[in-house]
Amino acid sequence: MLFIAHDLAVVDYLCDDVVVMYLGRIMEIAPAGALRTNARHPYTRALVSAAPLPDPTASRDRIVLKGDIPSPIAAPSGCVFRTRCPHATADCATTIPPLRESAPGHFSACIREEFL
């Protein structure tokens, strides 16, 4: 079954494996539990930080992305997330990041080693 949503709390509850996409490109693939506890890609981390917590008294540090979402018709060169990524470098504009495995079954598409 394919389930598409923006709320990673619901995705975590319903799914075994998760694929996170941004502007039609895969940013991260991981088992749901691993994604919740150890998201690697900056976009995934922002999504996880936005998921509601079941305890209304609990809080977490939100990662609020800046900037406008680029047009999917004229996506940015290189990494499509670079225009909103707080960790983007000049190389992100010229390199399309490959999807690389950082742990068994956990893949991330980022040229920065600390996000793999």
K.L.:
As an exercise, state the distance from NE2 of His106 to NE2 of His41, rounded to the nearest 0.5 Å.
P.N.:
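One gets 10.5 Å once the value is rounded to the nearest 0.5 Å.
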
K.L.:
Clusters formed by hydrophobic residues whose side-chain heavy atoms approach within less than 4.5 Å: which one holds Phe107, and what are its other members?
P.N.:
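Val19, Met21, Ile26, Ile29, Leu99, all in the cluster of Phe107.
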
K.L.:
Checking Val20 against Leu47 for the side-chain contact (heavy atoms from CB on, under 4.5 Å) test, could you report, in this order, the C-alpha distance in whole Å, the side-chain angles of both residues, the deciding distance, and whether it holds?
P.N.:
CA-CA 9 Å; Val20 175; Leu47 288 177; 3.8 Å; yes

K.L.:
Is it true that Phe115 and Ile111 fall in one hydrophobic cluster, defined by side-chain heavy atoms closer than 4.5 Å?
P.N.:
no

K.L.:
Within the structure provided, determine whether Tyr22 and Pro70 are in side-chain contact (heavy-atom separation under 4.5 Å).
P.N.:
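Heavy-atom side-chain distance check passes, below 4.5 Å.
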
K.L.:
For the backbone of Pro97 and the side chain of Thr95, can you confirm whether one donor and one acceptor N or O come within less than 3.5 Å of each other?
P.N.:
no

K.L.:
Taking all heavy atoms of Gly33 and all of Asp12, pick out the closest pair and write down the distance.
P.N.:
N-OD1, 3.9 Å

K.L.:
Less than 4.5 Å apart, any side-chain heavy atom of Arg112 and any of Thr89?
P.N.:
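Touching, per the 4.5 Å side-chain cut-off.
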
K.L.:
Can Glu28 and Ser108 be counted as having a side-chain donor-acceptor contact under 3.5 angstrom?
P.N.:
no

K.L.:
To the nearest 0.5 Å, what is the distance between CG (Asp7) and OH (Tyr13)?
P.N.:
13.5 Å

K.L.:
Charged N to carboxylate O under 4.0 angstrom, Glu113 versus Arg100?
P.N.:
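Yes, Glu113 and Arg100 are salt-bridged.
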
K.L.:
For a quick test of reading the model, state the closest non-hydrogen atom pair linking Pro31 to Asp17 and the distance between them.
P.N.:
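In terms of heavy atoms, the two residues are closest at CA-OD1, 3.6 Å.
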
K.L.:
In the single-linkage hydrophobic clustering (I, L, V, M, F, W, Y; side-chain heavy atoms under 4.5 Å), do Met27 and Phe3 co-cluster?
P.N.:
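Yes, Met27 connects to Phe3 through the hydrophobic network.
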
K.L.:
Looking only at heavy atoms, which two atoms of Ala103 and Arg40 are closest? And how far apart?
P.N.:
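Where Ala103 meets Arg40 most closely, the heavy atoms are CB-NH2, 3.7 Å.
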
K.L.:
Quick check for you: to the nearest 0.5 Å, what is the distance between Ser49 atom OG and Leu65 atom CG?
P.N.:
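Those atoms lie 7.5 Å apart.
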
K.L.:
Sequence neighbours left out, cut at 3.5 Å: what donor-acceptor pairs do the side chains of residues 77-87 make with other protein atoms?
P.N.:
residue : atom : partner : partner atom : Å
Ser77   : OG   : Arg82   : NH2          : 3.3
Ser77   : OG   : Ala93   : O            : 2.7
Arg82   : NE   : Ser77   : O            : 2.9
Arg84   : NE   : Lys66   : O            : 3.4
Arg84   : NE   : Gly67   : O            : 3.4

K.L.:
Nearest 0.5 Å please: distance from the CG atom of Asp16 over to the CE atom of Met1.
P.N.:
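Atom-to-atom, Asp16:CG and Met1:CE are 9.5 Å apart.
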
K.L.:
How long is the straight-line distance from OG1 of Thr44 back to CG of Asn38, given to the nearest 0.5 Å?
P.N.:
11.0 Å

K.L.:
Evaluate the side-chain proximity of Arg25 to Ile96: yes if any heavy-atom separation is below 4.5 Å, no if none is.
P.N.:
yes

K.L.:
Heavy-atom count around Asp68 CG within 6.0 Å, excluding the residue itself: above 12?
P.N.:
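No - once you tally the heavy atoms of other residues, nucleotides and ligands closer than 6.0 Å, there are 12 at most.
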
